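Worksheet for the structure shown next.
A quick note: this is a predicted structure, and the numbers were derived from the prediction, not measured. The chains referred to below are lettered A, B, ... by the order of the sequence lines, with proteins before strands, and numbering in each begins at 1.
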Amino acid sequence: MKKGDHLFLVDGSAYIFRAYHALPPLTRKSDGLPVGAVSGFCNMLWKLVEESRDTSVGVVPTHFAVIFDYSSTTFRNTLYSEYKANREAPPEDLKPQFGLIREAVRAFDLPCIEKEGFEADDLIATYTRLAVEAGGDVTIVSSDKDLMQLVGPNVILYDQMKDKRLGAQEVKEKFGVYPEKMIDLQALCGDTSDNVPGVPGIGPKTAAQLLEEYGTLEELLERAPEIKQTKRRENLIAFADQARLSKRLVTLDADTPLGDGEQLDDLFIHEPDGEKLVAYLKAMEFTTLTRRVAAALDTDASDVESADLKIEGVPRGPDLDPFEVPDAPGDTVFTATPARLAARLKDGATGQAIDRSRYVTIRDAQTLRSWMDRARDKGSMAFDTETSQLSAMNGDLVGVSFAISPGEAAYVPIAHVAADADLLSGPKDATSLGGQIPLGEALDILKPVLEDASVLKIGQNIKYDLLVMLQHGIAMTPIDDTMLISYALDASSGLEGHGMDELSERWLGHKPISYKELCGSGRTARPIAAVEIDKVTEYAAEDADVTLRLWQVLKPRLAAERLAHVYERLERPLAPVLARMEQRGIMVDRQILSRLSGRFSQKQAGIEADIAQMAGEEFNPGSPKQLGEILFGKLGLPGGKKTKSGQWSTDARVLEDLAAEGHDLPRRIVDWRQLTKLKGTYTDALPSHMDENGRIHTSFSMASTTTGRLSSSEPNLQNIPVRTEEGRAIRTAFVAPKGKKLVSADYSQIELRILAHIADIPQLKDAFRNGIDIHAMTASEMFGVPVEGMDPMVRRRAKAINFGIIYGISAFGLANQLSIPREEAGLYIKRYFERFPGIRDYMDQTKAYAKKHGYVETLFGRRAHYPDITSKNPQVRAFNERAAINAPIQGTAADVIRRAMVRMESALETAGLSAQMLLQVHDELIFEVDDSEIDETIAVVRRVMEAAPGPSVSLSVPLEVDAKAATNWDEAH
DNA sequence: CGCTCCTAACC
DNA sequence: AGGTTAGGAGCGA
């Protein structure tokens, strides 16, 4: 530090209390965490940083630090045990905020300094002295009178809230003495808030007057007998030592030891790291400040993932239910019930009736531009794309719609054709349609807005629109998705889905035009591009309008129900990741499938002949009805189970059991069925999904399971065979292009590991920590047999039980699985609970929790609702109980891999790797990797996957990932 | 043509 | 026995 430099010292602790008291006390983050003081602190600090970055006004700091009190006991307590003894403990809701505020300072990239045994004021005094000695200037950001003693020619105090700067003159005006006499003044007056005694009967006015007359405290105490006023004289004599003690208490220690990285020169200022700061502010859900900071630091907030802050000692989770009405008034912040909240929001969103006649058709570029300007002004819009086919990958863009405010919506036709156009004649004269903006021009106008960080694009199933726009080179950001918001809020095992029409009826009481109504179905179906533009305007603009209103209804619930974290970390950021995976697709070798199909056909024909011969007649083995009649009627075999509708069941289990009794026909049926399945569902169906580059693009659904798992469809690539050798042959058709390999990385036993953690089972945890065969350990524990040389059948039974536990075991189910009597299965379960009592506790607690709340939670806070768990029907109830037991385990595993996926792309990119994530199969990720980068990629993938729970959750068992590279999926797996 | 039932593929 | 999607059969309109 040199002459002309300027040090800013922020009195952090004083800041905290001011922020706390200045703000409404009940500000909370969506998960219930109180953050009012953090918010106030960040706003004040940002204002300061922003002002100090502005070179056009005032002083610009060259050095900057935020100073905190370390603890309440300091050297002053050894001088005087009563020092600050009257201080009350900080309020409960302030406590968790101290740590967060220190995090805030670090996020601002500012030195955060505190020292055990010293007060912030001492550190401030020390830095002030050092800076002045070095020839610099100092601004102390505080209004604490204890700091007035530091003011001097080069040192001022700055009260940010009142925007007042105090120099020596201002101190004199305020207290009647110049700063150098402040210590003596305080020693005389004492300080009730710090419990500094001072001299009784002497307040600031008298003290100033006395010091004016006698010069210093020491002088005054010595000449006290001269004082005329009896009481004052007596007190000054009697309490002289107390005054001297007070002086030592109020005198700041300007010689505080400073550690490494805390030296004056270490406080040299630098530009804040925009991403780091935005990540923190996002995590704290300070939306306004996030926006401001992002803009000022030229950071794209939507690109930044909110920081994953670990917050200790904060009540959250099961015990804190924000919707419980408090016992005593003021007990709990939240008194709204979801129903009340939703009702209020619904009124707001439907206040403006849905009126399709008001929707606008935009046919020229100028009008489109003015609408986009409106969107920019507004900062958000609902956005929807219409495509020629229902699949985003294959469909061409036909038009887009958007809504700026409820009722204010428009449709932009882009590639409509005349209604009588057909495949042969192609598009008719576009002018007859009333004019359309050509695709390229429309995209040029849309792109800047769709990619504008300050305009939020709200969609319903926005992954679809992301993919459509991605096909046109537009990467939409930032985004929100009403489907995903609804899913985070209300994932349930019931029938309620998260489709727009459903949501609209549920929340807005409005039934939108359905796709079928618009385009027809079956024989009457026609492409949307051939539907009259006026009709499509009503349909498409309505979709955008409804989406916007749904967003208004649903988005606030995220925060109110503490689900913002789930949405923001597990849902929203995954959408673009999945869109890119879908766009890439996976390469499939058509020849391999075709050869397999031929082979399966031949075998199938042979088996069909066998079957007909054994049955003594031709029948359709694919008809369970006909098959049942043959087996249990004509041939008189013993029937086992019945299906729901009362038919004899002919599923594989039944047929296997019959085969085991020596019947040949059932065996052949099983073989036939397997081949038929493989051929029909895979070898024959998959080629029809291939694109011109030989790649298959599945569609992942983010909101169709209750537990948080993804699903895959058109085609489903999450059920490609693996169990049998013939099935695995299908996997060999999934390949990497020349020069690349497929890498498959899968979590080993992730659900059992999560069970071990959640239910806290010592034996299971130890086994996982020590890499012991978990099923063998279970068998050994249950049946008392050594792991060495264990009968594979015994291990198989234990394995079935372990899986059964995850599924919310029942004697019926286990008996079915193992083909053993129900009584025997019951005994196994009993034994299991005896050996692992924690499991039964977990099950009981989970059931009770689900019954009380109507939902269960994963470790990451995702909820799965089971309203029917209180059903009077014992079967329904039991089913819901088992599902509720399973959901936290399955769901936590789903959350873990989602976290890995959200982080994966940037981790690979940071490592300079070109690997591309293609598929997710629940506990497995599949990548396409350049031959030269395989080892490095596997290392990064494994690291990201294994570390995925942290830092939000720290599992007490390690996660393990197996990864392998090969030319095809079968060998990589 | 559209729905339900049954079965089977996966984790 | 928890979570899925797909395909064929069968049936009614």
Quick one: does any side-chain atom of Arg709(A) pair with a main-chain N or O of Ala894(A) as donor and acceptor, under 3.5 Å?
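Checking the backbone N and O of Ala894(A) against the side chain of Arg709(A), no donor-acceptor pair under 3.5 Å is found.
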Tell me whether Arg882(A) contacts the main-chain N or O of Tyr807(A) through its side chain, where contact means a donor paired with an acceptor under 3.5 Å.
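Judged by distance alone, no pair lies under 3.5 Å.
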What is the nucleic acid contact for [X], judged by heavy atoms within less than 4.0 Å: base, sugar-phosphate only, or nothing?
X         : value
Ala652(A) : sugar-phosphate
Thr676(A) : nothing
Ala894(A) : nothing
Glu751(A) : nothing
Gln626(A) : sugar-phosphate
Ile805(A) : nothing
Ser701(A) : nothing
Gly808(A) : nothing

Please walk me through it: do Phe836(A) and Tyr842(A) pass ring-ring contact (aromatic ring centres under 6.0 Å, His included)?
CA-CA 10 Å; Phe836(A) 306 98; Tyr842(A) 163 73; over 10 Å; no
Do the side chains of [X] and [Y] get close enough for a salt bridge, i.e. N-O under 4.0 angstrom?
X         : Y         : result
Asp671(A) : Arg668(A) : yes
Arg862(A) : Glu571(A) : yes
Lys634(A) : Glu617(A) : yes

N/O (side chain, [X]) to phosphate O (OP1/OP2, [N]) under 4.0 Å:
X         : N      : answer
Ser712(A) : dT4(C) : no
Ser645(A) : dT4(B) : no
Asn620(A) : dG8(C) : no
Thr643(A) : dC6(B) : yes
Thr706(A) : dT4(C) : yes
Thr705(A) : dG3(C) : no
Ser649(A) : dT7(B) : yes

Closest approach to the side chain of [X], judged atom by atom: which nucleotide of [options] is it?
X         : options                  : value
Ala685(A) : dG2(C), dA8(B), dG7(C)   : dG7(C)
Ser713(A) : dA9(B), dT5(C), dT7(B)   : dT5(C)
Glu714(A) : dG3(C), dA6(C), dC11(B)  : dA6(C)
Asn816(A) : dC11(B), dT7(B), dA1(C)  : dA1(C)
Asp651(A) : dA8(B), dG3(C), dA9(C)   : dA8(B)
Ile809(A) : dA1(C), dG7(C), dT5(C)   : dA1(C)
Gln817(A) : dC11(B), dA1(C), dA8(B)  : dA1(C)
Ser704(A) : dT5(C), dC1(B), dA6(C)   : dT5(C)
Asn719(A) : dA9(B), dT4(C), dG7(C)   : dA9(B)
His922(A) : dC11(B), dC6(B), dG10(C) : dC11(B)

In whole angstroms, how far is the [atom2] atom of [N] from the [atom1] atom of [X]?
X         : N      : atom1 : atom2 : result
Lys625(A) : dT7(B) : NZ    : P     : 13 Å
Ile750(A) : dG3(C) : CD1   : C1'   : 15 Å
Ile801(A) : dG2(C) : CD1   : P     : 17 Å
Ile806(A) : dA1(C) : CD1   : P     : 16 Å
Gln875(A) : dA1(C) : CD    : P     : 10 Å
Gln674(A) : dG8(C) : CD    : P     : 17 Å
Lys641(A) : dA8(B) : NZ    : P     : 9 Å
Leu686(A) : dG7(C) : CG    : P     : 9 Å

Hey, mind stepping through Leu578(A) and Leu710(A) against side-chain contact (heavy atoms from CB on, under 4.5 Å) and telling me if it holds?
CA-CA 10 Å; Leu578(A) 291 174; Leu710(A) 301 180; 3.9 Å; yes
Got a donor-acceptor pair under 3.5 Å from the side chain of Arg709(A) to the base of dC11(B)?
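Flag set: donor-acceptor pair detected.
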Do we see Tyr807(A) stacking on the base of dG2(C), given a limit of 5.5 Å between centres and 30° between planes?
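Per 5.5 Å and 30° rule: yes, stacked.
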If you draw the axis of the six-membered ring of Trp648(A), does the NZ or CZ of Lys642(A) fall within 45° of it and under 6.0 Å from the ring centre?
yes
